[in-house]
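Have a look at the structure below, then the notes.
Fair warning: this is a prediction, and the values are worked out from it, not measured in the lab.
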Amino acid sequence: MNVDLPGCISGRKDAWDEFVRQSAPVILAAVSRSMHGRLQHTHDVQDRVQEVYVRLLRENCRLLRTFDPGRASLATWLSLIARTIVHEHHQKRRQPATGLENVDAAAPEPPPRPEPLTGLDSLSQQQRQVIRMLFEEDLSVEQAAARLGVNPQTIRSAKHKALTRLRKTLFSEHPENARDDDAAGLEASGTPD
Amino acid sequence: MTPHDPRHLHPAGSDGGSRFPGSCPDAMDLAAYLDGGAPADLAERIEVHLATCGACLAIIRQARADKALGDDSLVFVPAEVIAAAQSLVPAQAAGEAEPLIQIVRPGVSVWLTTVRRAAAIAAMVAIGAAGHHVGAALSASSAASNVAASGNDAAAAATVADVSFGVLDETDDSTAASDLRGIAFSAETSS
């Protein structure tokens, strides 16, 4: 796409019109496939497409200003925003409606249930432990090694294997076939691959 | 707050060391990951997050699958969809007054719009008055003597009305320049 984003952000009509003309196919395709699994020109799809553009303009083009062409393509970024908006729309439709007379008496919102750790469940217990320490507790490799009483290289090796397995599980059509090559988990020797 | 609260599309870009516990990566991070442009540590964090967030995982899976389908820039989009999106930004050519219907920005813009509207209305009133006086001059040249001799105010008023632009009614004292109703739209004469 060859568009003038600064022109759009500054409010130039010609820049915005050209941006819409070039981006509409990408946005419509992303919305349609998210909603229906294929290309369909329903009213719902068209409404979501408009919602994407409204969101891009909202608050003085706040979203548009976040785009960095050095990190990703505009088409990829727009398609992700479109898909996120479709997802939000589905979430709102799933929430039960509350009548106005019940607002004050409504029970406080329960805390959100934690997402099932389906991806981490495919890891060994030791690999899960390493991943949690490094990515949730934000420990360094040395700190994690000290806590577990192992060599830092052992931590690096476990991390590498865990992430490799994670990628297979996340993006495989048959995650149950992704085998764990490190069934023994952590070893004191920490031999890297 | 669900993991996909709209606030997660937040303006602050994530750097390579961003943490995602309890919240989702923003669209820029995910786009960089999808396009293979995310640094290694960011990519790892995103992958760990995807293992714990079904919503983000579904979005990324869909996006990866659709990327494999090829170029979406050739997808047909109905003209009305494009027109509706383009109309979100109103036309504003150089020298034109600001459109009357627009996203209101309070403060100076509203004041300037009001001043421009008042100036436009004043110009219309002035044009209407000039047209009336021209009409009066034309009728006076042909019937002024008869009118003056008969002293017939009603006849004079009818004669004036015949040739005026119908903007101002001389016999109606209540029609002042500040009365905006009917100005430039009235097609009736005071007969």
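- Asp35(B) has no carboxylate O lying under 4.0 Å from a charged side-chain N of Arg71(A), or vice versa, which leaves the two without a salt bridge.
- Counting heavy-atom pairs under 4.5 Å between each of Ser79(A), Ala75(A), Ser34(A), Gly70(A) and chain B puts Ser34(A) at the top.
- Val48(B) is listed as a side-chain neighbour of Leu163(A), based on a closest heavy-atom distance under 4.5 Å.
- Between the CG atom in Leu50(B) and the OG1 atom in Thr169(A) there is a gap of 12.0 Å [rounded to 0.5 Å].
- Only the side chain of Leu34(B) comes within contact range of chain A, with at least one heavy atom under 4.5 Å from a heavy atom of that chain.
- When heavy atoms are compared at a cutoff of 4.5 Å, Arg83(A) approaches chain B by way of both its backbone and its side chain.
- Residue contact with chain A, scored on non-hydrogen atoms closer than 4.5 Å, involves the backbone and the side chain of Phe76(B) alike.
- Using a 4.5 Å heavy-atom cutoff, the side chains of Val49(A) and Val77(B) are not in contact.
- Between Trp77(A) atom CH2 and Asp29(B) atom CG the span is 12.5 Å, to the nearest 0.5 Å.
- Looking at Val86(A), neither its backbone nor its side chain comes within 4.5 Å of chain B, counting heavy atoms on both sides.
- Top candidate by heavy-atom pairs under 4.5 Å with chain B, chosen from Pro25(A), Ala72(A), Ser73(A), is Pro25(A).
- The CH2 atom of Trp16(A) sits 10.0 Å away from the OG atom of Ser87(B) when rounded to the nearest 0.5 Å.
- Taking 4.5 Å as the limit, some side-chain heavy atom of Leu120(A) sits within range of a side-chain heavy atom of Thr52(B).
- Nearest heavy atoms, Gln86(B) versus Lys13(A): O-NZ, 2.7 Å.
- Within the model, atoms CG of Leu56(A) and CG of Leu88(B) stand 10.0 Å from one another, a figure rounded to the nearest 0.5 Å.
- For the pair Arg45(B) and Phe135(A), the cation does not sit on the ring face, since its NZ or CZ is not both under 6.0 Å from the ring centre and inside 45° of the axis.
- In plain terms, the two heavy atoms of Leu80(A) and Ala27(B) that are nearest each other are CD1-O, 3.9 Å.
- For chain B, the nearby parts of Val26(A) are the backbone and the side chain; heavy atoms of each come within less than 4.5 Å.
- No other option in Ala58(B), Ala65(B), Ala84(B) has as many heavy-atom pairs under 4.5 Å with chain A as Ala84(B).
- For the pair Ala51(B) and Leu166(A), the tightest heavy-atom approach, listed with the atom from each and the gap, is CB-CD1, 3.9 Å.
- The line from CG of Asp41(B) to CG of Leu134(A) is 12.0 Å long, rounded to the nearest 0.5 Å.
- Side chains of Pro78(B) and Gln46(A) form a contact here, defined as non-hydrogen atoms less than 4.5 Å apart.
- From Asp17(A), atom CG reaches atom CD1 of Ile82(B) across 10.0 Å, with rounding to the nearest 0.5 Å.
- Counting non-hydrogen atoms of other residues, nucleotides and ligands closer than 6.0 Å to CD of Glu80(B) gives a total above 12.
- Between the side chain of Arg61(B) and the main chain of Leu170(A), a donor-acceptor pair closer than 3.5 Å is present.
- Under the 3.5 Å distance criterion, the side-chain polar atoms of Lys67(B) are left unmatched by any main-chain donor or acceptor of Thr76(A).
- Ranking Leu28(A), Ile131(A), Val52(A) against chain B, the residue ahead of the rest is Leu28(A), based on heavy-atom pairs under 4.5 Å.
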